[in-house]
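Notes for the one structure printed next.
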Amino acid sequence: MFMRLIVGLGNPGKEYEWSRHNLGFMLVDKLASDAGISVSRRECGSLVGRGELEGGVVKLVTPQTFMNLSGEAVSCLLAKHKCDKPGNQLIVISDDLALPWGKIRIRERGSAGGHNGLKSIIAAIGTNEFVRLRIGIQPEHPLSDTKRFVLDTFPKTERPTVEKTIERAVEALRVIVRDGVLKAMTEHN
């Protein structure tokens with residue numbers, strides 16, 4: 001049976017729970033909650049949960065390898081599920097410092113764009129041919145310390161906006177699964 005791997009990128013641990021770099025984890029958590037899927041089983045260095053979404057079978061994944069080693073977990077899962085064409089089955093969710101805060105961008109393929117998690121995945125699976133949903137985190141001011149910014153937690157005053165952004169991203173992901181990437185790009189980019 002055709003199954004999609006939906007991988008949210010982030011870092012494990014309570015200290016990163018509300019960090020900008022964990023928007024992928026946040027989206028998977030929200031999607032899992034909405035769909036009644038428990039993402040708690042350990043597999044390939046990840047927490048995973050299998051269920052149905054928009055009429056299709058999905059495996060929701062949060063790699064526990066830390067961002068820069070996400071490719072190890074994704075590569076293992078693709079091999080385990082005998083997925084030789086990730087472009088058809090793999091959807092990766094990440095934050096994007098080059099996109100304005102809250103903007104959603106969906107692509108069928110592309111470069112890592114400086115994102116270490118995407119770099120790791122591309123290197124580990126040997127292709128950039130997979131769907132990615134990126135959520136913008138670019139601030140309105142110049143940054144002196146990019147690493148600190150992406151690992152800092154969202155201020156409590158921004159959390160309602162974070163939740164609204166996650167809701168929009170969940171809807172975009174549902175369109176990808178239900179109607180395909182092109183329709184999702186048209187509706188959400």
inquiry  = Is there a side-chain contact between Leu9 and Asp95 in this structure, where contact means two heavy atoms from C-beta onward sitting under 4.5 Å apart?
reply    = no
key: Glu17 and Lys14 ion-paired at < 4.0 Å   = yes
message = Which heavy atom of Phe25 sits nearest to which heavy atom of Thr62, and what is that distance?
response = CE1-CB, 3.6 Å
key: side-chain contact (heavy atoms from CB on, under 4.5 Å) assessment of Leu5 paired with Cys83   = CA-CA 10 Å; Leu5 294 176; Cys83 177; 5.6 Å; no
query = Tell me, do Met26 and Ile135 make a side-chain contact under 4.5 Å, heavy atoms counted?
reply = no
request  = Test Gln64 against Arg42 for side-chain contact (heavy atoms from CB on, under 4.5 Å), laying out the working first.
outcome  = CA-CA 9 Å; Gln64 302 296 295; Arg42 294 202 170 274; 4.1 Å; yes
query = Parallel, tilted or perpendicular: which describes the rings of His115 and His21, with under 30° parallel and over 60° perpendicular?
reply = tilted
query = Which distance, rounded to the nearest 0.5 Å, do you find between the CG of Leu77 and the CD of Gln89?
reply = 12.0 Å
ask   = Passes side-chain contact (heavy atoms from CB on, under 4.5 Å), Met67 versus Val150? Steps please.
value = CA-CA 11 Å; Met67 183 70 74; Val150 300; over 6 Å; no
ask   = Under the side-chain contact (heavy atoms from CB on, under 4.5 Å) criterion, do Ile37 and Leu31 qualify, and how do the steps go?
value = CA-CA 8 Å; Ile37 299 171; Leu31 193 60; over 6 Å; no
query = Is the closest side-chain heavy-atom distance between His188 and Arg168 below 4.5 Å?
reply = no
query = Do Leu69 and Val61 belong to the same hydrophobic cluster, where Ile, Leu, Val, Met, Phe, Trp and Tyr are linked whenever their side-chain heavy atoms lie under 4.5 Å apart, directly or via other members?
reply = no
inquiry  = Could you tell me if the side chain of Ile6 sits less than 4.5 Å from the side chain of Ile93, heavy atoms only?
reply    = yes
key: Non-hydrogen atoms of Thr153 and Glu15 that approach each other most closely   = CG2-O, 4.0 Å
message = Test your reading of the model: is there a side-chain donor-acceptor pair from Asn128 to the backbone of Ile122, 3.5 Å cut-off?
response = no
request  = Identify whether Leu47 and Leu78 are in the same connected component of the hydrophobic contact network (ILVMFWY, side-chain heavy atoms under 4.5 Å).
outcome  = no
key: Distance-minimising heavy-atom pair for Ala73 and Gly45   = CB-O, 4.3 Å
ask   = Parallel under 30°, tilted from 30 to 60°, perpendicular over 60°: which one fits the rings of Phe154 and Trp101?
value = tilted
ask   = Transitively linked via ILVMFWY side-chain contacts under 4.5 Å: Val74 with Val39?
value = no
task = Flag yes if Val131 and Met185 sit in one hydrophobic cluster, no otherwise; membership is Ile, Leu, Val, Met, Phe, Trp, Tyr, and two members link when side-chain heavy atoms are under 4.5 Å apart.
result = yes
ask   = Quick one: are Arg41 and Val48 in side-chain contact, heavy atoms under 4.5 Å?
value = yes
remark   = All heavy atoms of Ala112 vs all of Lys119, minimum pair found to be CB-CG, 3.4 Å
ask   = Given side chains that start at C-beta, do those of Ser75 and Ile125 come closer than 4.5 Å, heavy atoms only?
value = yes
message = When you compare the side chain of Pro155 with that of Trp18, does any pair of heavy atoms fall below 4.5 Å?
response = no
request  = Look up atom OG1 in Thr165 and atom CD1 in Ile137, then write down how far apart they are to the nearest 0.5 Å.
outcome  = 12.0 Å
query = Do Val175 and Leu53 belong to the same hydrophobic cluster, where Ile, Leu, Val, Met, Phe, Trp and Tyr are linked whenever their side-chain heavy atoms lie under 4.5 Å apart, directly or via other members?
reply = no
request  = Supply the atom-to-atom distance Lys59 NZ to His81 NE2, rounded to the nearest 0.5 angstrom.
outcome  = 3.0 Å
query = Nearest 0.5 Å, what's the CZ-CD distance between Arg20 and Glu158?
reply = 6.0 Å
request  = State, yes or no, whether a side-chain contact exists between Ile121 and Ser70 at a heavy-atom distance under 4.5 Å.
outcome  = yes
